[in-house]
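Below is one structure, written out as structure tokens; comments come after it.
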Protein chains: 2
Amino acid sequence: MSVNKNISIAKIQCKCTQLSSLLSALSHPQRIMILGHLAKGEKTVTELQRLCKVSQSQLSQFLIRMKLQGLVTCSRKGRFQYYAAKDKKIIKLIEAIQAIFC
Amino acid sequence: MSVNKNISIAKIQCKCTQLSSLLSALSHPQRIMILGHLAKGEKTVTELQRLCKVSQSQLSQFLIRMKLQGLVTCSRKGRFQYYAAKDKKIIKLIEAIQAIFC
DNA sequence: TTAATATATTATTATATTGTAATATGTCAA
DNA sequence: TTGACATATTACAATATAATAATATATTAA
């Protein structure tokens with residue numbers, strides 16, 4: 001009983017830690033914008049650069065960070081790197097945020 | 001036309017900036033947990049301290065930060081300070097996050 | 001192979017956030 | 001008014017993040 005309660009508290013805390021790093025990875029104006037675009041379909045780094053008006057270096061760093069955090073995936077096709085929202089959950093998240101606040 | 005487009009891009013960027021500070025204010029395991037509890041109803045600082053296992057000082061700082069960011073409100077009743085989720089939007093946000101990831 | 005394009009990496013400085021301890025303030029009951 | 005409880009503030013060291021410039025790596029076309 002007390003043990004189960006502790007386990008469930010541990011689980012909740014663990015979830016909150018995961019969630020907070022996920023939200024941190026999204027907590028930047030440009031990264032929100034980037035994910036907003038990727039939620040509509042995959043884009044190359046160059047396309048994102050045009051859409052988001054951000055320096056090449058920073059864009060690359062943002063994308064890599066979001067990839068490490070599990071927000072996006074990428075796959076190279078020829079000389080372009082295509083980035084996309086990682087999965088349905090991520091798309092739902094950004095859409096929910098937009099639906100609530102925009 | 002080009003003017004309108006620029007205005008709308010400016011609006012989107014502005015929204016993204018607001019959103020990112022809102023998400024930053026939520027981007028901490030304890031703050032997510034705190035808001036999760038507050039979404040179910042107002043609580044005193046002492047109650048939150050028991051629920052979230054966080055030091056008094058840090059809890060106070062977290063709450064004040066979330067208040068400044070517009071995530072929560074507070075009202076003193078006697079010697080207790082009651083905190084609550086600020087509005088429907090905030091409750092929807094935390095509930096959406098929980099629904100998607102928990 | 002070379003030039004051009006696309007993307008990633010590194011290094012660095014500036015700024016922000018976290019955690020903690022110590023102290024201060026506000027409110028009530030006795 | 002004093003003591004006890006509830007909450008806020010301040011100060012500080014440690015760590016994380018942001019922005020920028022410079023350089024490196026990959027891929028393709030010629």
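Proteins get letters first, then strands, A, B, ... in listed order; numbering begins at 1 in each.
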Phosphate-side-chain proximity, B:Tyr83 and D:dA8, N/O vs OP1/OP2 below 4.0 Å: yes
Candidate nucleotides D:dC5, D:dA18, C:dA6, ranked by approach to the side chain of B:Arg79 - the nearest: D:dC5
What nucleotide, of D:dT20, C:dG26, C:dT7, holds the atom closest to the side chain of B:Arg76? C:dG26
Please list, in numerical order, the residues of residues 19-28 of chain B that have a heavy atom closer than 4.0 Å to any atom of DNA chain D. none
B:Lys67 (side chain) donor-acceptor with B:Tyr83 (main chain) under 3.5 angstrom: no
Nucleic acid contacts of residues 61-74 of chain B, taken as heavy-atom distances under 4.0 Å to DNA chain C: B:Gln61, B:Phe62, B:Arg65
Of A:Arg31 and B:Phe80, whose nearest nucleotide on DNA chain D comes first from the 5' end? B:Phe80
Quick one: [X] [atom1] to [N] [atom2], roughly how many Å, whole number?
X: A:Gln58; N: C:dT9; atom1: CD; atom2: C1'; value: 15 Å
X: A:Tyr82; N: C:dA6; atom1: OH; atom2: P; value: 11 Å
X: A:Leu59; N: C:dA8; atom1: CG; atom2: P; value: 8 Å

With hydrogens left out and only the distance checked, is there a donor-acceptor pair under 3.5 Å joining A:Ser57's side chain and the base of C:dA8? no
Let's test your reading of the model: under 3.5 Å, does the base of C:dA8 pair with the side chain of A:Gln56 as donor and acceptor? yes
Under 4.0 Å, counting only non-hydrogen atoms across every strand here, what does A:Thr46 touch: a base, just sugar-phosphate, or nothing? sugar-phosphate
Please work out if B:Gln81 contacts a base, only the sugar-phosphate, or nothing of the nucleic acid, heavy-atom cut-off 4.0 Å. sugar-phosphate
What residues join B:Ile91 in its hydrophobic cluster, counting side-chain heavy atom gaps under 4.5 Å, either direct or through other members? none
Would you give the length of the straight line joining atom CZ of A:Arg31 to atom CD of A:Gln69, rounded to the nearest 0.5 angstrom? 10.0 Å
